[in-house]
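This report concerns only the one structure given below.
Just so it is clear, the model here is predicted, and its values are computed rather than measured. Throughout, numbering of the chain's residues begins at 1 and tracks the sequence.
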Amino acid sequence: MLNQKVADLLNVQINKELYSAYLYLHFSNFYHEQGLDGFANWYQVQAQEERDHAMLFVKYLQNNDAPVTYEAIDKPSVELKERMDPLAAGLKHEQYVTGLIHAIYEAAYEARDFRTMQFLDWFVKEQGEEETNASDLVKKMELFGGDAKALYMLDSELGGRTYSAPSLVL
């Protein structure tokens, strides 16, 4: 039986992951409207990842006979005007999500819930990768975003990203 505080935080995380998917679809649409289909693709793939993260939390709760609670998903409120806006907001959001994962981990540690800690280990590593990817996108846009040819090449590079489902065993 899961500790109630841990179960509650895991349920909150489901909503946060689904919000992340909404947010990244918002970013994808912004870039599509800008004619930057590679950037749009990158965030479309990112949205798929976030949805799957939510489903991993759902499955974990189900596998531990804990109730799953779905809440309303907020509309993204990030205002997007410049090409850099989604990238900067994405980095900030990933840092926020890292904090949420750490809070769940801390609650699991306090409850001596080693199984949940082990489950969360994958997410801790994943968040490190997410922050690195988001930071790299910001740096690349700062370096190349002002040059049309370089931006075209960067957009083409991002267009090559494909989706790969997480390989976490529950």
Side-chain angles (χ1 to χ4, degrees), residues 9-60 70-105 119-170:
L9 289 170
L10 291 168
N11 268 299
V12 167
Q13 193 62 33
I14 293 167
N15 183 271
K16 299 298 185 180
E17 297 291 341
L18 292 172
Y19 172 80
S20 295
Y22 266 36
L23 181 65
Y24 293 144
L25 289 173
H26 178 55
F27 294 174
S28 177
N29 188 62
F30 172 80
Y31 283 121
H32 175 75
E33 290 172 355
Q34 300 290 314
L36 292 168
D37 292 334
F39 282 83
N41 174 70
W42 199 92
Y43 278 110
Q44 184 77 33
V45 170
Q46 195 65 25
Q48 290 175 297
E49 277 192 14
E50 303 304 339
R51 182 211 165 267
D52 277 357
H53 293 170
M55 297 310 298
L56 289 169
F57 284 104
V58 168
K59 192 66 177 166
Y60 184 77
Y70 296 104
E71 300 293 336
I73 301 168
D74 292 335
K75 178 182 175 181
S77 61
V78 177
E79 191 173 339
L80 307 175
K81 293 181 179 179
E82 305 294 328
R83 290 184 196 138
M84 182 61 84
D85 292 346
L87 304 177
L91 175 57
K92 183 177 178 183
H93 183 72
E94 288 301 339
Q95 292 166 337
Y96 168 72
V97 172
T98 297
L100 294 171
I101 298 295
H102 289 176
I104 303 168
Y105 202 100
F119 168 71
L120 291 170
D121 283 343
W122 182 87
F123 287 96
V124 170
K125 180 180 179 225
E126 175 71 6
Q127 280 309 120
E129 292 173 8
E130 298 285 12
E131 285 189 37
T132 297
N133 289 339
S135 178
D136 287 350
L137 283 176
V138 168
K139 289 174 189 172
K140 287 179 180 181
M141 182 62 90
E142 287 173 346
L143 287 171
F144 308 121
D147 178 86
K149 290 179 185 176
L151 181 61
Y152 176 80
M153 291 179 67
L154 179 56
D155 188 58
S156 295
E157 175 188 326
L158 297 177
R161 184 180 186 199
T162 59
Y163 181 67
S164 176
S167 58
L168 178 63
V169 178
L170 300 176

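- With 3.5 Å as the limit, one finds no donor-acceptor pair spanning the side chains of Asn11 and Tyr70.
- Sparse packing is recorded around CE of Met153, with 12 or fewer heavy atoms of other residues, nucleotides or ligands lying under 6.0 Å away.
- Checking Gln44 against Gln48 by side-chain atom types alone, no donor-acceptor pair falls below 3.5 Å.
- Between Ala88 and Val138 the shortest heavy-atom distance is N-CG2, 4.1 Å.
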Taking it one step at a time, do Leu137 and Leu158 satisfy side-chain contact (heavy atoms from CB on, under 4.5 Å)? CA-CA 10 Å; Leu137 283 176; Leu158 297 177; 3.7 Å; yes
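- Residue Glu129 qualifies as enclosed at atom CD: its count of foreign heavy atoms under 6.0 Å is above 12.
- Summarising the geometry of Asn15 relative to Glu71, their closest heavy-atom pair is ND2-O, 3.3 Å, with the distance given to 0.1 Å.
- Separation of the Phe30 and Phe27 ring centroids does not fall under the 6.0 Å cut-off.
- Within the model, atoms NE2 of His32 and CG of Asn41 stand 12.0 Å from one another, a figure rounded to the nearest 0.5 Å.
- Donor-acceptor pairing under 3.5 Å is lacking for the side chains of Gln95 and Gln127.
- Taken to the nearest 0.5 Å, the CE atom of Met141 stands 6.5 Å off from the CG atom of Leu154.
- Atom CZ of Phe144 and atom NZ of Lys149 lie 15.0 Å apart (nearest 0.5 Å).
- For the atom pair NZ (Lys75) and CG (Leu23), the distance works out to 13.0 Å, reported to the nearest 0.5 Å.
- Gln46 is listed as a side-chain neighbour of Glu94, based on a closest heavy-atom distance under 4.5 Å.
- A centroid separation of less than 6.0 Å is found between the aromatic rings of His93 and Tyr19.
- When side chains are defined from C-beta on, Gln13 counts as touching Leu100, because their heavy atoms get closer than 4.5 Å.
- You'll find the ring centres of Phe57 and Phe123 inside the 6.0 Å limit.
- In this structure a side-chain-to-backbone donor-acceptor pair under 3.5 Å is present from Asp147 to Ala150.
- Taking NZ of Lys16 as the start and CD1 of Ile73 as the end, the distance is 11.5 Å to the nearest 0.5 Å.
- A heavy-atom distance below 4.5 Å is not found between the side chains of Asp85 and Val78.
- Between Ala40 and Ser28, the shortest heavy-atom distance links the atoms O-OG, 2.8 Å.
- Leu91 contributes atom CG, which lies 10.0 Å from atom CG of Asp136 (distance to the nearest 0.5 angstrom).
- A heavy-atom distance below 4.5 Å is found between the side chains of Glu131 and Thr98.
- A side-chain donor from one of Asn29 and Glu33 sits under 3.5 Å from a side-chain acceptor of the other.
- The shortest side-chain heavy-atom distance between Glu17 and Val97 falls under the 4.5 Å cut-off.
- Applying ring pair (Phe, Tyr, Trp, His ring centres under 6.0 Å) to Tyr24 and the options Phe39, Tyr43, Tyr31, Trp42 leaves one that passes, Tyr43.
- Between Glu49 and Arg161, at least one side-chain N (NZ, or NE/NH1/NH2) sits under 4.0 Å from a carboxylate O, which counts as a salt bridge.
- A salt bridge does not link Lys140 to Glu142: none of the charged nitrogens lies less than 4.0 Å from a carboxylate oxygen.
- Here the side chains of Leu151 and Arg83 are in contact, with some heavy-atom distance below 4.5 Å.
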Criterion side-chain contact (heavy atoms from CB on, under 4.5 Å) on Glu50 and Glu130, from CA distance to verdict: CA-CA 11 Å; Glu50 303 304 339; Glu130 298 285 12; 3.9 Å; yes
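- When every heavy atom of Ile104 is checked against every heavy atom of Leu10, the shortest pair comes out as CG2-CD2, 3.8 Å.
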